[in-house]
A.B. asks: 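What follows is a structure written as C-alpha cells; I'll ask about it next.
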Number of protein chains: 2
Amino acid sequence: MDPLDAAMKKCGADAFVHYAGGEDADMRYLSRFVMHDPFVFFKKHREPGTIIVPQMEAERASRESIAAVITRTQAGLPDISKKEKDPWRAAAQMIAGQTGKTLLVSPTLPAALLRALEESTRVVVDEGTIELVRAKKTPEEIRLIQTVQKKTERAMELGISLIRNATVKKGVLYHDGAPLTSELVRTAVHKQLMDDGCRAVETIISCGEDTAFPHIIGSGPLRPHEPIVIDMFPRDETTGYYADMTRTVSKGKPGQKITDMYEAVKEAQQIGISHIKAGVSGAEAHTAVVEYFKSRGYESDTRGFIHNLGHGVGLQVHELPTLGAAGKVLEAGFVVTVEPGLYYPGVGGIRLEDMGVVRTQKFEDFTEFEENLIV
Amino acid sequence: MDPLDAAMKKCGADAFVHYAGGEDADMRYLSRFVMHDPFVFFKKHREPGTIIVPQMEAERASRESIAAVITRTQAGLPDISKKEKDPWRAAAQMIAGQTGKTLLVSPTLPAALLRALEESTRVVVDEGTIELVRAKKTPEEIRLIQTVQKKTERAMELGISLIRNATVKKGVLYHDGAPLTSELVRTAVHKQLMDDGCRAVETIISCGEDTAFPHIIGSGPLRPHEPIVIDMFPRDETTGYYADMTRTVSKGKPGQKITDMYEAVKEAQQIGISHIKAGVSGAEAHTAVVEYFKSRGYESDTRGFIHNLGHGVGLQVHELPTLGAAGKVLEAGFVVTVEPGLYYPGVGGIRLEDMGVVRTQKFEDFTEFEENLIV
C-alpha cells in the first residue's frame, strides 16, 4: 500500500495535508513542483495528490507537477476570504472543504494552520512518513545523485588545483599575482558548478585555525603548511538533488599534529564504510568510529570528533537517516555521507566526506576522488 | 516596549519560542545566525534572545549571532534523549526546561513541536509579530537593500545588453556565433551577481508566449520581435537582504498588442506609485491599478492583471506588506515592489517592477533603470 494511504488508514484520516513552499523537500517530493511561496498539497485516501496554487502559477504547475492542480479560486478561497479575514483560518476552511473531517497533516505544517484546522476537523500529526519514504532512493534517484556527485568532483578538482598550482610568498598562497583567497576559490568553484547546471552556496574553503570549526566557511588569503578544508554540497538546478563531499588538503607539509589527525580521519572513514550495510544501525557505524578515535587518543565530545559520522542526502542536503548516536537501522537504497572529522581549536580540523548508497551487503561509495593531504 | 515583550504580556507568556533553520527569515532576523538545520530561538519576557545550537556550531554562532548561545548539551538534550526517544518530545522538554509554563510560539513552528509542547505547557500561537516588525525597515536595512538593488541593476544592464547586441538570423538571436538562449543570459547574469557578492536563482528570462505565465523561467533560444521578460531577485550573500526588479524588452518592434500592453503597464506602474504613501492601504493602490487596466479594456481575473500589484522585500523576497486586494495600511519604512503586469496566453506578457520605500508623503523609488520596450 502507498505509505501515505497506510498512515491515513491507521488513524482513520480522510486525507493527508501538507503546506510548504521554497526549499521544502517533502513538498517537492510529493508534487515535483517548486514555488517560492507556500502552497497546499492534499491527498485523499487511495486517490492521487492535488496541489492548490494561485492563478498565476496554474499553467506552470500543470506543466511541471505530478499532482493534479487546482487554483485557490477553484478551491473557493476568494469567497471564504470575504467572511474570514484571518488568512490561516481562511486557508483551513479551504483545505477542509477539499478534504474531509479527519486529517493527517505533515509534522512541519505551520502551528497557526494546525490550530485553524483544529477548529473544524480532527487533526492527526503524521510522524514523518514522507521523510522516511524519501530516505530510500529509487534507482532513478540514485542515478540523479550520482550525476551531481560527478559534477561535484570536477569542482573539487578545480578548487584543489588552484591551491596546488599556487605560488607561495611571505606565508600566503598566490594565484595570477594576487593572494589566493577563500572567496576566490569559492567563486571559481561556484561558477564551474553553475556551468554544470548546479547551484552551490556557502561552499566551505576554510584554512588554518578556522578549520577547527566545521561550519565556518572561511575568508581571506589561504596559507601554506596549514589544513584547508573544502566542503561542497551542490544541488542540481533541474532535479533538485544534492551531492555532498569534503576533502582536506595542505599546500606543503603541515605540522605533525595535522598529519596524524589526517591519517586517523582517513582510517576512521574506512572503518565507518566497512560497518555500513543494510540491517546495521547508523548508531553502530558511528560508535565504531568513536571507538577507533578513542583508541588513537582522540576524544568525541566538545573537541575531537564533534559531529555525527554522516547523514542522508537527497532533495535535502541533510535528511534521514542519521549516522550518529540516535541512528536507526539502515536500509538498502539509503544514500548517506561518511564524514569523520577531528577538530582542535588552536590546532585545526580535518574532515573527509564521501557519499554513497547502502546496499544489502556493503556501502557502495559514489566518491572516486583521491584523498591526499599534501598537494 | 519590545514588540515580542508586548505580545508576551498580552497572553501572559513566559517566553517566545521559534524553531527553524535554512532560509527562515524570522529566525535570521531574531538571531542574525544562519544554519542549515533547524534550531531553537527563545526569548524570555524582558530578556534578550538565546539560541540553542549543536556543539559543532557553537563557536560560529558565538561569533555571528546577536543572540546568546547555548549548546544542546548545555540545554540538557543528551540526558532528555536517554529517556525520550521521540525527537519532537525531546526538543519540547528541552525548550520547556529553558523557558516556562506558558509559551508564545511562532506561527510557523512545526505542528509536531507544537503538539509536543502542548503536553507540558500552555501554548499560544503568535499572530506574526516578527513578520510585522520585519516589514518596517530601519535606515540601515534600507541602505543594505539599496546596495543589492544597485547590483541588480548592473546585472539587468548586462542581461539587456546581451539582447541588444545580439544579431538576428532566421528568427533567432545570436551571440558570438551561437543562439542566445534564456539559459545563457541567466548564467551570465548570475555570474556577474556572484562576483558582486550576491546569489541569484531562477532568474526569469522568458520569451514570447512563455511570458504570458509570470513564473515560467524560460528556456531555449530568444527571438526578435517578441516580449522578453527579465525578472531578477538576488540576495546579498553576506547580509541576506534581497532586491527584486523586472523589465520587459523586445529586440526589434513587437506586435501592436504587445506595444499597447507595454504602454498600459508602464502607465499602471506610475498610477500605482502615485497612490503609495504611509496611511494608504495596499488594497487601495492595487485597486487603483485594477481600475486603470479596466478603463483600458484589460481584465484582472484569469487573464490580464493576474497577480498583486506588489509585496514587501527584505530578508524574504516576498514578505509583508501585501499590495493586493487584502492589503492593509502601509507604514513609512515598508520596502515594497510595484509590479503591474498583463498576461494573455497566445499573445504574451509584460511586467515592469520597481522597488522602493514607503515614506510619509510618497513612494521613494530605489530603481533607476530605464523602461524601454524596444532594444
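Per chain, numbering begins at 1; letters A, B, ... match sequence-line order. This one's a predicted model, so the numbers in the text were calculated from it and none came from an experiment.
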A.B. asks: Quick check against the 3.5 Å criterion: does Ser65(A) have a side-chain atom that pairs as donor or acceptor with the backbone of Ala61(A)?
C.D. replies: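 Looks like no, no N/O pair under 3.5 Å.
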A.B. asks: Counting only non-hydrogen atoms closer than 4.5 Å, can you tell me which residues of residues 317-326 of chain A sit against chain B?
C.D. replies: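 Result: Val317(A), His318(A).
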A.B. asks: Glu202(A) and Ile217(A): which non-hydrogen atoms are nearest, and at how many Å?
C.D. replies: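 Scanning both residues completely, I find the closest heavy atoms to be O-CG2, 3.8 Å.
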A.B. asks: Can you name the closest pair of heavy atoms from Asp231(A) and Asp244(A) and give their distance?
C.D. replies: OD1-OD1, 3.4 Å
A.B. asks: Pick whichever of Gln55(B), Arg115(B), Glu64(B), Met35(B) has the most heavy-atom pairs under 4.5 Å with chain A.
C.D. replies: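 Of the options given, most contacts go to Arg115(B).
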A.B. asks: Could you tell me which of Val123(B), Thr187(B), Leu113(B) has the largest number of non-hydrogen atom pairs under 4.5 Å with chain A?
C.D. replies: Val123(B)
A.B. asks: Between His36(A) and chain B, with a heavy-atom cut-off of 4.5 Å, which part of the residue counts as in contact: side chain, backbone, both or neither?
C.D. replies: side chain
A.B. asks: With only heavy atoms counted, which part of Asp126(A) is less than 4.5 Å from chain B, the side chain, the backbone, both or neither?
C.D. replies: neither
A.B. asks: Any heavy-atom pair between the side chains of Glu23(B) and Gln316(B) that's under 4.5 Å?
C.D. replies: no
A.B. asks: Taking the six-membered ring of Phe213(B), is the NZ or CZ of Arg63(A) close enough (under 6.0 Å from the centre) and on axis enough (within 45°)?
C.D. replies: yes
A.B. asks: Are there residues of residues 80-89 of chain B that reach to under 4.5 Å of chain A by heavy atoms, and which ones?
C.D. replies: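 Answer by number: Trp88(B).
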A.B. asks: Identify which of Pro110(A), Ala112(A), Ala111(A) forms the greatest number of heavy-atom pairs closer than 4.5 Å to chain B.
C.D. replies: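 Heavy-atom pair counts peak at Ala111(A).
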